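Remarks on the structure that follows.
We count ligands from 1, going down the list as the structure has it; atoms in each ligand are counted the same way. Only this structure's heavy atoms are used, side chains among them; waters, hydrogens and symmetry mates stay out. The residues of the chain are indexed from 1 along the displayed sequence. Source: prediction; values computed, not measured.
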Amino acid sequence: MMRHCCFLFRIHSPNFPGRILELDVRSQIYGLLPIKSFPFCSTFYTSLMESSDIFVGSIDQGTTSTRFLIFNRDGEPVASHQVEFGQIYPHPGWHEHDPLEIIASVETCISEAITKFETAGHGRDSIKCIGITNQRETSIVWDHETGEPLYNGIVWTDTRSQSIVTELRQKSGAVKLSELCGLPLSTYSSAPKLLWMIRHVPKVRDAFDRGTLAFGTVDAWLVYRLNGVDANVFVSDSTNASRTMLVNLETLKYDETLLDFFGVRGKIHLPKIVPSSHTTAYGVIGSGALAGVPIMGCLGDQSAALVGQKGFSPGMAKNTYGTGCFLLYNVGERPVLSTHGLLATVAYHFDRPIYALEGSIAVAGSGIKFLQNNLGFFAESKDVNELANSVDDNGGCVFVTAFSGLFAPYWIDDAKGTIFGITQYTQKGHIARATLEATCFQTKAILDAMEKDSGHVLSELAVDGGMSNSELAMQTQADLINIPVYRPKMRETTALGAAIAAGLAIGVWRNFAELRDINRAGGTVFEPQVSQTKSKERFEEWEKAVNMSRGWVGVNERHEPGTNTTPRLSMKKEAESLVVTIKDQGHSLVSQVSKDRTLTDTTKRATRISVKEIEVLPVPKLPGKIADDLDDMDEEELSFELRKVEILQRLKKLRSVGY
Ligand SMILES: Nc1ncnc2c1ncn2[C@@H]1O[C@H](COP(=O)(O)OP(=O)(O)O)[C@@H](O)[C@H]1O
Ligand SMILES: O=P(O)(O)OC[C@H](O)CO
């Protein structure tokens with residue numbers, strides 16, 4: 001076997017104490033040598049022996065888009081590619097991702113970025129390792145034997161598990177949960193989403209009963225599939241695993257009390273929890289443009305942003321304005337349990353775990369996307385700024401963007417998105433401004449809570465994420481919190497953090513000191529510009545609005561189709577149309593395809609729908625049955641060629657939500 005000495009690394013691996021692993025850049029292990037003396041920093045286990053032309057790849061799998069970036073040793077991105085992927089909203093409060101589409105989006109990004117990288121004159125062999133960072137809590141289930149997903153991923157924003165959460169809150173032991181895992185019992189964490197799938201999705205229930213149900217957050221899914229199903233690399237990093245509610249924050253192991261509480265102990269396959277930076281645990285990319293390249297870093301996206309901002313000392317904080325907005329505050333080597341509505345979480349786990357207090361805001365950039373996609377206010381996210389700047393202030397409007405209830409520090413389950421203060425004077429610009437302000441107000445509330453929990457006053461807030469591109473939002477933020485807001489020049493700090501985690505494992509960077517100058521120059525500082533009295537008044541208005549947004553969702557009124565019984569699906573041929581009815585205990589969804597090819601869906605309370613005259617069949621038999629019936633139908637008679645496609649698409653959509 002030929003060795004290329006410029007590509008040779010020696011690694012002091014935690015898996016092989018006292019021995020050195022030698023491996024080439026494609027991660028083929030040549031042999032284990034006894035360790036002699038090795039002058040590397042004791043904090044990290046790695047040392048890059050000889051190197052030139054070194055790059056680290058980073059997969060950033062966010063809530064709305066996937067990116068792949070390739071960083072040089074100075075932490076500069078030299079090539080990248082980004083794609084948006086499908087957001088599935090089958091019912092109010094439901095939000096899903098197709099797990100296979102997520103994988104496809106990663107593969108596309110890697111392949112396109114590699115093409116750009118090579119066009120720029122680099123060789124793909126110079127990419128030494130890959131880091132992964134991802135949206136957290138989003139829950140994916142698959143068959144442990146086949147690797148096939150059993151349902152769409154339930155996204156962290158999804159509130160369908162509300163009644164399960166309400167039920168669990170009554171259960172003995174509920175109040176102790178957050179002491180063990182650092183998280184409040186809410187729809188946000190993974191465990192209630194997992195329970196919902198076990199209860200309501202027949203395929204998931206079957207796998208659960210047969211003992212083949214595998215559950216993981218997005219990191220585990222990506223690592224598993226990118227290695228190739230046959231490799232069966234089933235791991236999750238501590239920062240991601242700690243968001244499931246199944247993991248003990250102190251031990252970073254699955255906790256029997258938590259597993260028992262959720263009724264899953266010994267009944268499902270869970271990924272092994274490993275540190276965020278590791279030479280071997282994450283395996284290697286199995287196929288495609290980077291086949292053979294090792295994955296060596298993995299962090300939940302908010303942890304990655306903290307690492308990318310180099311928030312390595314206790315007292316350092318960052319706020320990432322992406323789809324949601326998340327403030328992480330480094331509290332050091334011991335977790336701090338909040339008494340003011342914050343989460344205790346793992347900041348990162350390299351040689352040892354470091355903890356953070358977290359303030360989570362469910363809606364930030366997604367509020368802007370809402371104005372764009374749902375209300376048609378503008379064509380692109382960046383246009384929100386022009387619209388918001390078209391007015392001098394919010395014109396008295398306050399928008400509580402509680403699309404998933406309100407997260408930290410309020411944790412109001414029954415709030416809904418609500419705009420207060422609308423008059424005939426209100427313009428789109430006022431609403432755009434109020435949307436940007438909502439995240440800034442909630443950040444202010446989180447910082448206040450953080451100061452109470454930590455006893456420490458922050459002197460500057462480091463920011464990043466898509467919405468931090470908004471000058472108006474960042475200036476508003478500085479005004480409201482009355483401290484400078486620092487925005488780095490290169491805003492892909494999340495991807496950088498994952499690259500750092502991977503690079504530290506293999507010695508691209510040997511210690512934190514070597515990272516000091518990365519992304520330091522050229523940042524922007526937003527200094528507070530309004531009086532404290534003025535910003536206090538505005539914040540009081542916000543808090544009033546928050547209180548008034550309570551109670552819009554009565555727990556019993558939540559739209560939760562399929563909560564109790566097996567849903568029934570039926571179809572009926574009428575003279576002018578084909579009617580497909582999905583009925584469950586709470587609701588019926590009626591899809592109607594008319595002769596003129598229009599398709600209408602109506603969701604009604606079940607009690608108001610007469611299903612007497614139509615055949616009702618158990619769901620599992622239906623797909624084939626419907627397909628057969630459609631084939632038998634007389635084209636003339638029904639006279640709309642598109643109906644099959646339309647109905648089958650509609651059924652696919654319905655099946656994707658568990659029917
Ligand atoms: N110039 C801009 N001004 C305000 N918001 C922006 C701007 N550019 C992007 N955004 C918002 O940032 C969000 C995307 O940020 P990103 O960090 O990529 O999120 P994620 O990782 O969650 O997918 C979008 O929701 C978008 O609305
Ligand atoms: O997609 P983002 O960047 O808003 O991050 C999602 C979070 O990880 C959810 O906890």
Side-chain angles (χ1 to χ4, degrees), residues 58-67 69 80 82-85 87 95 97 102 105 109 133-139 153-158 183 186-190 193 217-219 239-240 242-244 299-306 308 318-328 343 345 356 358-374 377-389 401 403-404 407-408 432-433 435-440 463-477 487 491-498:
S58 180
I59 296 166
D60 180 356
Q61 204 302 297
T63 309
T64 52
S65 74
T66 300
R67 298 159 217 202
L69 291 90
S80 66
Q82 176 171 3
V83 293
E84 294 205 347
F85 59 91
Q87 305 296 320
H95 186 184
H97 289 159
I102 286 183
S105 73
C109 287
T133 180
N134 56 282
Q135 50 171 320
R136 306 164 305 164
E137 298 94 17
T138 297
S139 302
I154 299 190
V155 182
W156 58 274
T157 48
D158 189 295
L183 308 173
S186 77
T187 58
Y188 177 35
S189 302
S190 309
K193 301 179 197 297
T217 41
V218 170
D219 58 319
T239 66
N240 276 294
S242 70
R243 312 294 296 190
T244 58
L299 289 159
D301 54 6
Q302 303 311 322
S303 289
L306 184 69
K318 68 87 211 177
N319 203 23
T320 303
Y321 302 73
T323 302
C325 181
F326 302 86
L327 203 156
L328 258 66
L343 312 185
T345 197
E358 173 176 323
S360 328
I361 302 172
V363 174
S366 54
I368 297 164
K369 288 275 179 205
F370 170 79
L371 300 186
Q372 176 190 327
N373 299 332
N374 300 38
F377 276 17
F378 38 77
E380 286 182 72
S381 292
K382 65 178 174 47
D383 302 339
V384 70
N385 299 300
E386 197 184 329
L387 185 59
N389 277 316
T401 49
F403 301 160
S404 304
F407 284 12
R433 223 174 162 109
T435 309
L436 294 174
E437 288 175 355
T439 309
C440 302
V463 299
D464 50 41
M467 195 181 129
S468 77
N469 288 312
S470 166
E471 312 277 320
L472 177 59
M474 294 305 100
Q475 185 56 54
T476 305
Q477 189 65 85
R487 184 179 69 184
R491 253 91 89 192
E492 298 288 357
T493 37
T494 304
L496 176 62

R491: salt bridge (Lys or Arg N to Asp or Glu O under 4.0 Å) partners, not counting sequence neighbours: none

Output block, N or O contacts of ligand 2, threshold 3.5 Å exclusive:
unit_1: ligand 2; atom_1: 1 (O); unit_2: T63; atom_2: N; d: 3.3
unit_1: ligand 2; atom_1: 1 (O); unit_2: T63; atom_2: OG1; d: 2.4
unit_1: ligand 2; atom_1: 3 (O); unit_2: D301; atom_2: OD2; d: 3.2
unit_1: ligand 2; atom_1: 4 (O); unit_2: T323; atom_2: N; d: 3.2
unit_1: ligand 2; atom_1: 4 (O); unit_2: G324; atom_2: N; d: 2.9
unit_1: ligand 2; atom_1: 5 (O); unit_2: D301; atom_2: OD2; d: 2.8
unit_1: ligand 2; atom_1: 5 (O); unit_2: Q302; atom_2: NE2; d: 3.2
unit_1: ligand 2; atom_1: 8 (O); unit_2: R136; atom_2: N; d: 3.0
unit_1: ligand 2; atom_1: 8 (O); unit_2: R136; atom_2: NE; d: 3.0
unit_1: ligand 2; atom_1: 8 (O); unit_2: D301; atom_2: OD1; d: 2.5
unit_1: ligand 2; atom_1: 8 (O); unit_2: D301; atom_2: OD2; d: 3.3
unit_1: ligand 2; atom_1: 10 (O); unit_2: R136; atom_2: NE; d: 3.2
unit_1: ligand 2; atom_1: 10 (O); unit_2: R136; atom_2: NH2; d: 3.0
unit_1: ligand 2; atom_1: 10 (O); unit_2: E137; atom_2: OE1; d: 2.5
unit_1: ligand 2; atom_1: 10 (O); unit_2: E137; atom_2: OE2; d: 3.4
unit_1: ligand 2; atom_1: 10 (O); unit_2: Y188; atom_2: OH; d: 2.7

Close side-chain approach of T63 to H95, heavy-atom, < 4.5 Å: yes

Results of salt bridge (Lys or Arg N to Asp or Glu O under 4.0 Å) for D464 - residues two or more places apart only: none

Salt bridge (Lys or Arg N to Asp or Glu O under 4.0 Å) assessment of K193 paired with E137: CA-CA 9 Å; K193 301 179 197 297; E137 298 94 17; over 6 Å; no

Amino acids contacting ligand 1, non-hydrogen cut-off under 4.0 Å: G62, T63, T64, S65, R67, G322, T323, G365, S366, I368, K369, S381, K382, V384, N385, G465, G466, M467, N469, S470

Ionic contact status for R487 with E471, cut-off 4.0 Å: yes

Student check: side-chain heavy atoms of R136 and W156 closer than 4.5 Å: no

Geometric class of the F407/Y188 ring pair [parallel <30°, tilted 30-60°, perpendicular >60°]: tilted

Aromatic plane relationship, F403 with F370 - under 30° parallel, 30 to 60° tilted, over 60° perpendicular: tilted

Donor-acceptor contact below 3.5 Å, side chain S468 vs main chain G465: yes

